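Letters go in sequence order (proteins before strands), and every chain restarts at 1. This one's a predicted model, so the numbers in the text were calculated from it and none came from an experiment. Every heavy atom of this structure was used, including side-chain atoms; hydrogens, water molecules and symmetry mates were not.
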There are 2 protein chains.
Amino acid sequence: MKEVSGQLAGIPLFLGLSGEQYDALARIGVRRSSRKGERIFSEGDEGTGFYVVVTGRVKIFKVSAEGKEQILHFFGPGESFGEVSVFTGQGFPADAVAAAQTALLFFPRTSFIALIRNDPVLALNMLAQLSQRLRQFAGLIEDLSLKEVPERLAKYLLYLSGRDGDARAAELDVSKGQLASLLGTIPETLSRILTKMNRQGLIRSRGAQITILDRPGLDAIASEGKKLP
Amino acid sequence: MKEVSGQLAGIPLFLGLSGEQYDALARIGVRRSSRKGERIFSEGDEGTGFYVVVTGRVKIFKVSAEGKEQILHFFGPGESFGEVSVFTGQGFPADAVAAAQTALLFFPRTSFIALIRNDPVLALNMLAQLSQRLRQFAGLIEDLSLKEVPERLAKYLLYLSGRDGDARAAELDVSKGQLASLLGTIPETLSRILTKMNRQGLIRSRGAQITILDRPGLDAIASEGKKLP
DNA sequence: ACATCTCTTTGACCTATGTCAAAGCGCTTT
DNA sequence: AAAGCGCTTTGACATAGGTCAAAGAGATGT
């Protein structure tokens with residue numbers, strides 16, 4: 001299992017663990033890979049363990065009866081998902097599909113709980129992880145319930161440019177259709193708002209390349225809810 | 001601190017702990033009480049610990065720039081809140097006010113983390129707690145993003161009647177204004193939908209007393225998204 | 001019983017955003 | 001280069017649900 005062991009480095013969840021724990025994790029972790037579009041689990045499936053993304057990307061989402069989807073997360077290398085059903089013993093609360101060719105590590109529920117029982121650091125890491133996610137969900141709820149689409153979009157563009165370090169560029173990391181679903185809207189609406197923002201000189205968007213021309217303007221929309229004329 | 005100790009019984013988070021741990025918790029727990037309407041903490045406040053509700057009720061919510069509120073939870077006796085900032089070290093992610101005269105126990109962050117470090121059962125209980133809450137948030141996100149108000153209301157009425165055991169009665173546990181905020185809408189809209197449901201013979205509502213007259217009908221709205229004429 | 005206050009209901013209106021349909025535009029495949 | 005395919009954009013339209021204003025209806029203290 002040397003290959004598994006090597007992949008545990010740099011995973012936030014496993015930070016600060018003893019060598020012993022690393023070995024134990026390497027022993028119980030199982031490699032798995034998914035092609036782009038492949039389903040990893042469905043809402044309601046029995047949760048027999050959780051996953052860590054090694055390479056690639058995973059989309060976690062809910063689907064309505066009419067087929068509209070709301071994306072809850074994208075998870076990339078080093079991030080974990082599916083933990084919730086490890087600790088509640090219920091089925092998975094949402095669907096997961098590979099958003100790209102993806103390599104995963106799977107950790108079976110019972111073995112993992114046994115490890116946590118012996119290692120408070122691992123427990124605290126996991127608590128930090130779930131807390132972080134709870135905070136993020138609270139933000140998403142706030143956005144969906146209290147903000148309009150232009151505000152959510154402006155916020156996302158600013159977030160992107162912040163994450164990339166580059167203050168003016170924002171390279172979309174998902175298709176516009178997926179971005180719509182992440183923001184809780186539909187592609188048509190997103191497209192119209194991007195067009196408006198272009199017209200207002202706030203951004204210049206060419207495909208997935210979006211240049212921020214007027215950061216204060218975007219900020220005013222994101223934070224103060226200023227309207228787009 | 002004998003009084004504190006007595007109040008720890010029956011709190012799910014502390015279930016299955018050793019007597020020693022109980023004592024330790026009793027030692028670090030601090031009693032605090034809040035009058036109805038009193039603010040317990042505000043979003044962004046430094047999180048120096050978390051709370052357990054002994055008696056009364058606490059409302060956790062987000063407020064928009066324009067003053068509209070979205071309720072995330074109501075917590076009653078035995079439930080805990082404010083844990084997220086214990087484990088992320090960041091400020092509280094939302095506001096908390098007492099929804100009634102409320103008695104609380106406050107557990108300071110560092111002392112509590114020390115306890116968790118020594119007790120895997122407590123860690124696992126907390127993990128279960130947070131996981132449960134994550135699941136609930138995922139449901140709220142789904143509702144807000146993918147369902148319409150009548151669906152959310154029908155679901156809530158069915159949930160109430162289920163919780164009370166009584167299949168036909170649903171005594172609202174919050175004011176209609178608060179229910180609107182919980183469902184992600186405003187009082188006017190809620191009122192109109194209740195009126196419609198009355199007209200359709202689905203329910204009969206007199207004040208906070210709502211009688212379910214047509215459960216299959218409500219079910220069809222809650223689950224299949226059937227429209228109210 | 002009265003005055004006051006807050007919550008709820010109703011009406012008229014408005015707007016953000018969703019639906020449906022049709023082009024347009026890049027890509028990849030042949 | 002042509003053809004095919006999925007994504008994105010645009011237009012015309014529909015509507016759920018929000019805003020504003022006023023009236024009703026309970027509750028509470030005097």
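Paired runs in DNA chain D that reach 3 or more consecutive Watson-Crick or G-U pairs, where each pair keeps both distances under 3.5 Å, cover C:1-30 with D:1-30.
Between B/Y156 and B/L182, some side-chain heavy-atom pair lies under the 4.5 Å cut-off. Within the 4.5 Å cutoff, no side-chain heavy atoms of B/E151 are placed close to those of B/D143. Using a 4.5 Å cut-off on side-chain heavy atoms (C-beta onward), A/L140 and A/Q136 make no contact. The shortest distance between side-chain heavy atoms of A/F87 and A/L130 falls below 4.5 Å. At least one side-chain heavy atom of B/I210 sits less than 4.5 Å from a side-chain heavy atom of B/L194. The closest side-chain heavy-atom distance from A/R32 to A/I40 is below 4.5 Å.
Closest approach of A/L157 and A/A170 over heavy atoms only: O-CB, 4.1 Å. In plain terms, the two heavy atoms of A/K226 and A/I221 that are nearest each other are O-CG1, 3.6 Å.
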Sub-3.5 Å pairs of nitrogen or oxygen atoms, protein against nucleotides 15-18 of chain D:
unit_1, atom_1, unit_2, atom_2, d
D/dG17, OP1, B/V149, N, 3.1
D/dG18, OP2, B/T185, OG1, 2.4
D/dG18, OP2, B/T189, OG1, 3.0

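Listed in residue order, the members of residues 171-178 of chain A having a heavy atom less than 4.0 Å from DNA chain D are A/S175, A/K176, A/G177.
Using bins of under 30°, 30° to 60° and over 60° for the plane-to-plane angle, the ring pair B/F137/A/F137 lands in the tilted bin.
OP1 or OP2 of C/dT10 lies within a sub-4.0 Å distance of a side-chain N or O belonging to B/T195.
A/D143 has its CG atom 13 Å from the P atom of C/dT17, to the nearest Å. In this structure, the CZ atom of B/R199 is 13 Å from the P atom of C/dT9, given to the nearest Å. In this structure, A/L153 atom CG and C/dA16 atom P are separated by 16 Å, rounded to whole Å. One atom, CZ of A/R206, and another, C1' of D/dT9, lie 17 Å apart when rounded to the nearest Å. Between the CG atom of A/L144 and the C1' atom of C/dT17 there is a distance of 14 Å, given to the nearest Å. Between A/N198 atom CG and D/dT8 atom C1' there is a gap of 13 Å when expressed in whole angstrom units. In this structure, B/E188 places its CD atom 14 Å from C1' of C/dT6, rounding to the nearest Å. Nucleotide C/dT9 holds its C1' atom 14 Å from the CD1 atom of B/I210, rounded to whole Å.
The CD atom of A/E148 sits 12.0 Å away from atom OG1 of A/T189, with the distance rounded to the nearest 0.5 Å.
In this structure, B/F41 has its ring center at least 6.0 angstrom away from the ring center of B/F106.
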